[in-house]
Asks: 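Just passing along the structure, written as structure tokens.
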Amino acid sequence: RAELERYRRERAVPPGGWLVGVGYDDSLLRERRHPNKDDLDVGFPDQPVFLFHVSGHLAAANSRALAALGYDAATADPPGGVLRRVGGVDGEREPNGVLEESAFYPVYALLPQPTLEDRLAQLEAAQLQYASYGLTTAQDGLTNLAGLALLREAAARNRLLLDVVAYPTGRDLPTFALADDEVGRYRGRLKIGGAKLILDGSPQGKTAFLSQPYLVPPEGQQAGYRGYPAMAQEEVDALVGGLLERQMPILAHANGDAAGDQLLHALEAAAARRPLGDHRTVMIHAQVMRDDQLDSVRALGVIPSFFAAHSYYWGDWHRDSVLGVERAERISPAHSAADRGIRFTFHNDAPVVPPDVIRLIWAGVNRRTRSDDILGPRERISVAAAIRAVTLDAAYQTFEETEKGSIEVGKVADLVVLSANPLAVDPERLLELKVEETLSRGKTIFRREQR
């Protein structure tokens, strides 16, 4: 409440104006639950209040915000989303203010929008932050029409400091009207890398689609709750098949193993019709992969991209509330993938967590949680393997391994200068490394100030 009041005061939000917050985390709140409309109505009865969950998969709204969205007891849950209700989640009960997945999407049309110049300035600030962490190629992993328009404008004005690989939403791909020469080719510093599919939600938000129940179901759900898919299998099969026929690379968000099954089923169905070729489909996040899925991934040529920093940020939560010990110790199973000769990558998924590549490498190597537990010691990998997952194999994921990802004659001069050799320091002390300088295509885009 104090933060919202400060925001209202400092931004001079007018009476009735929207108060919007980003990044609350119920796993870190004292109450260990989401704020509901009653919590958010206190002090703000006449203004819509809307808070985005840190995962980007849930939100919390007060009564005025729910009214602006047109949500009441008679509102049905939208496909791929849930309005949590007072006393439960089913039936015609009044929404309690917590919105899952597609249930909060309509809010974007209601929120005040910044000007083009403001958005370009924000984009530049984000790029500078990425550069400070040693990143030279960034991925926009869920590009809408407005986002693509902004990136095109930035590219046209030479305001992209990094290479940006964008993935328009696969469900809406016809509305983007992409030219054939936009996919897989840079125009300036912008490239369309393929299409994004979202198959489920968030494990820490308990909306990811699992094959086995959550350890502690979310508020209002019964024992046996496994989350839910964003799309029916038939739609996944059709979308994946159509994208493969168009030779459009696929970046598929699949946190839960049941969502992973959906993607693998669609690929197997497509392979039964014709050879897949060098498709390099990415299973993004791949948090709860089973051994049999890793075997299928290898056979089908899928690249799992692990959100390896989860072991630190939500490892304790996964162990104690989401998955239980056995499944939590297998999240982001990088060692099991490496044992099978599978190429995999690591990512941070900013702004869910900062784009801190050093912490990402440290997490994959050490798998320490916030409480300093080691979550799944058997899934730890070497420093060299973790570095490869964010360099050469990351370049391979976007079909750029002949141009980026390693220091070789003929490749672009994307270089990062660190304060020490990560291969020579104690793996437990990797977080002490600093990015001294970042060069993108031979030009310095970040240099740390010496104090």
Side-chain angles (χ1 to χ4, degrees), residues 56-57 79-81 101-102 104-109 113 116 119-120 122-123 126-127 130 137-157 159-160 162-201 229-231 235-255 259 262-263 266-267 270 278-285 302-303 305 345 347-352 355 394-395 397-400:
H57 288 268
E101 304 296 341
S102 63
F104 71 81
Y105 294 173
V107 78
Y108 291 112
Q113 298 299 313
L116 173 60
R119 296 182 71 209
L120 286 168
Q122 292 166 357
L123 177 60
Q127 292 180 82
Y130 272 59
T137 299
Q139 179 177 282
D140 183 348
L142 182 60
T143 311
N144 58 22
L145 282 168
L148 184 56
L150 176 66
L151 290 170
R152 283 171 168 164
E153 183 68 19
R157 297 192 190 189
R159 292 184 66 173
L160 289 181
L162 319 171
D163 286 352
V164 178
V165 185
Y167 290 82
T169 51
R171 265 180 160 176
D172 304 321
L173 199 60
T175 66
F176 287 84
L178 299 175
D180 288 340
D181 66 350
E182 281 187 282
V183 180
R185 298 177 178 88
Y186 279 100
R187 288 185 172 185
R189 304 203 66 172
L190 174 64
K191 179 176 81 171
I192 305 299
K196 176 67 172 285
L197 301 179
I198 298 179
L199 304 185
D200 71 341
M231 293 184 275
E235 184 178 4
V236 178
D237 290 350
L239 284 169
V240 168
L243 291 168
L244 290 171
E245 286 182 11
R246 186 176 170 178
Q247 295 185 319
M248 175 74 78
I250 299 169
L251 186 70
H253 169 116
N255 259 313
Q262 287 189 302
L263 176 62
L267 289 168
D278 188 14
H279 60 106
R280 300 192 197 182
T281 296
V282 179
M283 186 186 294
I284 194 79
H285 307 327
V302 175
I303 303 169
S305 184
T345 65
H347 66 274
N348 276 306
D349 205 30
V352 175
Q397 177 178 304
T398 55
F399 294 84
E400 296 182 296

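In this text the structure is predicted, and so the values were computed from the model without any measurement.
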Asks: So how far is it from Met248 CE to Leu239 CG, rounded to the nearest 0.5 Å?
Replies: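 Taking CE in Met248 and CG in Leu239, the distance rounds to 12.0 Å.
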Asks: Quick one: does Thr345's side chain have a donor or acceptor within less than 3.5 Å of a partner on Ala394's backbone?
Replies: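 Not at all, since once roles are kept as given, no pair shorter than 3.5 Å links the two residues.
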Asks: Which class fits the ring pair His285 and His347: parallel under 30°, tilted 30 to 60°, perpendicular over 60°?
Replies: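 It falls in the tilted class, 30° to 60°.
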Asks: Can Thr175 and Asp172 be said to form a side chain to side chain donor-acceptor pair (under 3.5 Å), step by step?
Replies: CA-CA 6 Å; Thr175 66; Asp172 304 321; 5.5 Å; no
Asks: Is there a side-chain contact between Val240 and Thr281, using heavy atoms and a 4.5 Å cut-off?
Replies: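 A side-chain contact is absent here, since even the closest heavy-atom pair is not under 4.5 Å.
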Asks: For the atom pair CD (Gln127) and CZ (Arg189), what is the distance rounded to the nearest 0.5 Å?
Replies: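 With rounding to 0.5 Å, CD (Gln127) is 8.5 Å from CZ (Arg189).
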Asks: For the atom pair CG (Leu142) and CG (Leu251), what is the distance rounded to the nearest 0.5 Å?
Replies: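 If I round to the nearest 0.5 Å, the distance is 9.0 Å.
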Asks: Kindly give the heavy-atom pair with the smallest separation between Gly56 and Phe104, and that separation in Å.
Replies: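 Of all heavy-atom pairs spanning Gly56 and Phe104, the closest is O-CZ, 3.4 Å.
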Asks: Measure from the side-chain N and O atoms of Glu101 to the backbone N and O of Ala230, and report whether any donor-acceptor pair falls under 3.5 Å.
Replies: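 Checking the backbone N and O of Ala230 against the side chain of Glu101, no donor-acceptor pair under 3.5 Å is found.
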Asks: Run Leu178 and Leu148 through side-chain contact (heavy atoms from CB on, under 4.5 Å) and show every step you take.
Replies: CA-CA 11 Å; Leu178 299 175; Leu148 184 56; 4.0 Å; yes
Asks: Could you pull out the closest heavy-atom pair between Val164 and Tyr186, with the gap in Å?
Replies: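 That would be O-CE2, 4.0 Å.
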Asks: Kindly indicate whether the side chain of Met231, heavy atoms from C-beta on, has any atom under 4.5 Å from the side chain of Leu199.
Replies: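 Yes, at least one pair of side-chain atoms sits under 4.5 Å.
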Asks: Between Asp181 and Arg187, is a side-chain contact (heavy atoms from CB on, under 4.5 Å) present by the stated rule, with each step listed?
Replies: CA-CA 9 Å; Asp181 66 350; Arg187 288 185 172 185; 2.6 Å; yes
Asks: How far apart are the closest heavy atoms of Asn255 and Gly201, and which atoms are they?
Replies: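 Closest pair (atom of Asn255, atom of Gly201, distance): ND2-O, 2.8 Å.
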Asks: For Ala166 and Leu190, which heavy atoms make the closest approach, and how far apart are they?
Replies: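 Scanning both residues completely, I find the closest heavy atoms to be CB-CD1, 4.2 Å.
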Asks: As an exercise, state the distance from CG of Asp349 to CD1 of Ile284, rounded to the nearest 0.5 Å.
Replies: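 Taking CG in Asp349 and CD1 in Ile284, the distance rounds to 7.0 Å.
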Asks: Is the side chain of Ser102 donor-acceptor paired with the backbone N or O of Gly80 at a distance under 3.5 Å, no angle test?
Replies: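 Pair found, side chain donor or acceptor close to backbone of Gly80.
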Asks: In this structure, are over 12 heavy atoms from other groups packed under 6.0 Å from Gln247 atom CD?
Replies: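 At most 12 heavy atoms, drawn from other residues, nucleotides or ligands, come within 6.0 Å of this atom.
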Asks: Looking at Thr398 and Lys191, what are the two nearest heavy atoms and their distance?
Replies: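 So the minimum-distance heavy-atom pair works out to O-NZ, 3.0 Å.
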Asks: Which atom names give the shortest non-hydrogen contact between Asn348 and Pro355, and what distance separates them?
Replies: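 That closest heavy-atom pairing would be ND2-C, 3.5 Å.
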Asks: Mind checking the CD1-NE2 spacing from Ile303 to His279? Nearest 0.5 Å is all I need.
Replies: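 Spacing of CD1 (Ile303) from NE2 (His279) equals 8.5 Å.
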Asks: Determine whether a donor-acceptor pair (N or O, by modelled atom type, separation under 3.5 Å) exists between the side chain of Gln262 and the backbone of Ala254.
Replies: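 No, because the side chain of Gln262 does not come within donor-acceptor range (under 3.5 Å) of the backbone of Ala254.
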Asks: Could you please spell out the steps behind the side-chain contact (heavy atoms from CB on, under 4.5 Å) verdict for Phe399 and Val165?
Replies: CA-CA 11 Å; Phe399 294 84; Val165 185; over 6 Å; no
Asks: Within this structure, what is the OH-NE2 distance for the pair Tyr167 and His253, rounded to the nearest 0.5 Å?
Replies: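 Spacing of OH (Tyr167) from NE2 (His253) equals 16.0 Å.
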Asks: Do Leu263 and Leu197 have side chains that get closer than 4.5 Å, going by heavy atoms?
Replies: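 Contact flag for Leu263/Leu197 side chains = no.
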Asks: Can you check whether Asp163's main-chain N or O pairs, donor with acceptor, with Thr137's side chain at less than 3.5 Å?
Replies: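 The answer is no, because no donor-acceptor pair under 3.5 Å joins these two groups.
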Asks: In terms of side-chain geometry, is the basic nitrogen of Arg119 or Glu153 positioned less than 4.0 Å from the acidic oxygen of its partner?
Replies: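 No.
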